[in-house]
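Each ligand, and each atom within it, is numbered from 1 in the order the structure gives.
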Amino acid sequence: MVWEESTRQKMLHLKLPTDPRWVGIAEMQIEDILVDHAYCEQKAASSCISLILRFVDLEELVDTLTPIVAEEWGHFERVLAQLRKRGMKFGFPRKDEYVIKLQEFVKKGGSRMQQLTEQLLLNALIEARSCERFKLLSQNIADVELQKFYYELMISEAGHYVTFIELARKYQDVEKVNLRWQEWLAYEADVLKNLEVRGDRMH
Ligand SMILES: [Fe+2]
Ligand SMILES: [Fe+2]
């Protein structure tokens, strides 16, 4: 199965497509996008490290997430290189309204495995949305090198999305995970609908 087909089935469960205006304004502010993107990769690596340290007893989780930390940090390095070669400046992190809003939906309390499910679904969702945005960039921006760069990263993040969902289904009842995933998807669509469309943020 070609990537496009398999991913359409696995990934495009997002309930709301990105506002079509986003990619045009993002291209005009590509330096800001790259800086924001670098922090997305840093946060992806950091959140995997946190999960590993919190669930050291879950062997499959630790062994699955450890190489992803390296991969996400590799992405960080590559985004930084794209900035450097264009003479653009790295900068301090910006407030990530999207992730802050998503974190508000994480259920507090419950069993340890329920908490794990919440974190894995949160990560899966951010991967899915990033993947959708990378796809838009790869298909719409004029910079050929960045087209290729975002195409590659889109495939990588789609793989992470699948990994997080599969891990959630391994450690928690599948029905429960699927139900909660639908709630997360609906919530994310709502968050996105109410966020300002801006060209200096990846989300
Ligand atoms: Fe990444
Ligand atoms: Fe990722």
May I ask you to list the protein N, O or S atoms found at less than 2.8 Å from the Fe ion (ligand 1)? Glu41 OE1, Glu72 OE1, His75 ND1, Glu157 OE2

Indicate yes or no: at least one non-hydrogen side-chain atom of Phe55 is less than 4.5 angstrom from one of Val62. no

Using a 3.5 Å cut-off and no angle test, enumerate the donor-acceptor pairs between side-chain atoms of residues 24-31 and protein atoms at least two apart in sequence or in another chain.
{"residue": "Glu27", "atom": "OE2", "partner": "Ala142", "partner atom": "N", "Å": "2.7"}
{"residue": "Gln29", "atom": "NE2", "partner": "Asp32", "partner atom": "OD2", "Å": "3.4"}
{"residue": "Glu31", "atom": "OE2", "partner": "Lys89", "partner atom": "N", "Å": "2.8"}

Could you check whether any side-chain heavy atom of Thr64 comes within less than 4.5 Å of a side-chain heavy atom of Lys170, counting everything from C-beta outward? no

Donor-acceptor pair between Ser130 and Glu157 side chains, under 3.5 angstrom: no

Just by distance, no angles: are the side chains of Glu97 and His203 close enough, under 3.5 Å, to form a donor-acceptor pair? no

Within the distance-only criterion (no hydrogens, no angle test), does the side chain of Arg86 pair as donor or acceptor with the backbone N or O of Gln82 below 3.5 angstrom? yes

